[in-house]
Amino acid sequence: MGDASFAIRPARDEDRLPLAVLFAAVAEERDSIGAEPPVDVDARAAAWILDETLVADTGGEIVGWLHVAKTPFGFGEIGMLVAREWRRRGVGSALLIVAIEWARERGLHKLTLSVFAHNTAAIALYRKFHFVEEGRRVKHFRRANGELWDALEMGLLL
Ligand SMILES: CC(C)(COP(=O)(O)OP(=O)(O)OC[C@H]1O[C@@H](n2cnc3c(N)ncnc32)[C@H](O)[C@@H]1OP(=O)(O)O)[C@@H](O)C(=O)NCCC(=O)NCCS
């Protein structure tokens, strides 16, 4: 699915490097995901769990991805990101729509995630899909600059 400019599909082996490169680019922003530079792109690419990953593909470029880590306890943990120049164009929403259906098909009863408490874009996206706030981890993430950031736990019952 998707619009005229991108499609959502399961990740394939040839996506490994672009997935990791995009991850490293967003890590460089230092404000929205846990990872900070330096990212070992080759190690990330090699270790990527493809069968838990959806990608947004423009027909040559991966501009977003969503990962659902299936736990043995019936819930799946989400990680996702969209390339900076592609944000606010529906890529994140399209990834989540497919991921929610995918999770149901895989028998999960719940999706969960952690998001930095200041990440208003991501929180708004998750709320739009009816994720609810389940708790706040205070001064949970120590950043490279020494700051301690709060995270919200959010969940969606399927
Ligand atoms: C969060 C993120 C994935 C959203 O992806 P996106 O493709 O921009 O999302 P969409 O275009 O589908 O937006 C869907 C909704 O999210 C909300 N939203 C997205 N960006 C927003 C922003 N900057 N400010 C406020 N709300 C925002 C809006 O409700 C939006 O709906 P609308 O456009 O109808 O108003 C993207 O901003 C991103 O990759 N950020 C950096 C990495 C990150 O934060 N990952 C999540 C870590 S938990």
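The model shown is predicted, which means the values in this text are computed figures rather than measured ones. Atoms within each ligand, like the ligands themselves, are counted from 1 in listed order. This chain uses plain numbering: 1 for the first residue, then up along the sequence.
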### Query
In ligand 1, which numbered atoms sit nearer than 4.0 Å to a non-hydrogen atom of Ser93?
10 (P), 12 (O), 13 (O), 14 (C)

### Query
Between Ala27 and Val39, what is the shortest heavy-atom contact and its length?
CB-CG2, 3.8 Å

### Summary
Under 4.0 Å from one or more heavy atoms of Leu81, ligand 1 contributes atoms 39 (O), 42 (C)

### Task
Check ligand 1 against Ser114 and write out every atom of the ligand that is under 4.0 Å from a heavy-atom position of the residue.
48 (S)

#### Entry: Sub-4.0 Å heavy-atom contact, Asn119 with ligand 1
yes

### Query
atom 45 (N) of ligand 1: which of Arg84, Glu29, Met80 has the nearest heavy atom?
Met80

### Query
So which heavy atom on Val55 is nearest to which on Pro10, and how close?
CG2-O, 4.4 Å

### Query
What residue and atom, counting heavy atoms only, is the protein's closest point to atom 25 (C) of ligand 1, and at what distance?
Arg88 NH1, 3.8 Å

### Query
Just checking, Arg106 and Trp102: is the charged tip under 6.0 Å from the six-membered ring centre and within 45° of the axis?
yes

### Query
Nearest protein heavy atom to atom 37 (O) of ligand 1, by residue and atom, and its distance?
Arg87 CD, 3.4 Å

#### Entry: Shortest protein heavy-atom distance from atom 26 (N) of ligand 1, along with the residue and atom involved
Ala124 CB, 3.5 Å

#### Entry: Heavy-atom closest contact (Ala45 atom, Ala20 atom, distance)
N-CB, 3.7 Å

### Query
Between Trp149 and Phe141, is the ring centre distance below 6.0 Å?
no

### Query
Are any of the heavy atoms in Tyr126 under 4.0 Å away from ligand 1?
yes

### Task
Can you see which heavy atom on Val26 is nearest to which on Arg87, and at what distance?
CG2-NH2, 3.7 Å

### Message
What I want to find out is whether Glu133 reaches Arg127 closely enough, with some N-O distance under 4.0 Å, to be called a salt bridge.
### Response
yes

### Message
Tell me whether Val115 has any N or O atom under 3.5 angstrom from an N or O of ligand 1.
### Response
no

### Query
When you check the gap from the basic side-chain N to the acidic O, do Arg137 and Glu153 get nearer than 4.0 Å?
yes

### Task
Distance to 0.1 Å, residue and atom name: give those for the protein heavy atom nearest to atom 7 (O) of ligand 1.
Gly92 N, 2.8 Å

### Query
Is a salt bridge present between Glu147 and Lys139, judged by a nitrogen-to-oxygen distance below 4.0 Å?
no

### Message
Give me the residue, atom name and distance of the protein heavy atom closest to atom 4 (C) of ligand 1.
### Response
Leu125 CD2, 3.8 Å

### Summary
Among non-hydrogen protein atoms, atom 39 (O) of ligand 1 lies closest to Val82 N, 2.7 Å

### Message
For Lys128, which part has a heavy atom under 4.0 Å from ligand 1: side chain, backbone, both, or neither?
### Response
side chain

### Query
Can you list the atoms of ligand 1 that are under 4.0 Å from a heavy atom of Val91?
7 (O), 12 (O)

### Task
Report the C-alpha distance between Arg16 and Asp42 in whole Å, list the side-chain angles of each, state the deciding distance to 0.1 Å, and finish with yes or no for salt bridge (Lys or Arg N to Asp or Glu O under 4.0 Å).
CA-CA 9 Å; Arg16 288 182 179 281; Asp42 290 333; over 6 Å; no

### Message
Under 3.5 Å between any N/O of Ala122 and any N/O of ligand 1: does that happen in this structure?
### Response
no

### Message
With rounding to the nearest 0.5 angstrom, report the CZ to CZ distance, Arg30 to Arg143.
### Response
8.0 Å

### Cationic N near anionic O, under 4.0 Å, Arg84 to Glu29
yes

## Note on the structure
Among Gly34, Ala121, Ala83, Ala27, the residue with a heavy atom nearest to atom 23 (N) of ligand 1 is Ala121

### Query
Going by the atom numbers of ligand 1, which of them fall below 4.0 Å from some non-hydrogen atom of Gly90?
10 (P), 11 (O), 12 (O)

### Message
Could you tell me, atom by atom, which parts of ligand 1 come under 4.0 Å of a heavy atom of Arg89?
### Response
11 (O)

### Message
Please list, in number order, the atoms of ligand 1 under 4.0 Å from a heavy atom of Ser32.
### Response
41 (C), 42 (C), 43 (C), 44 (O), 47 (C)

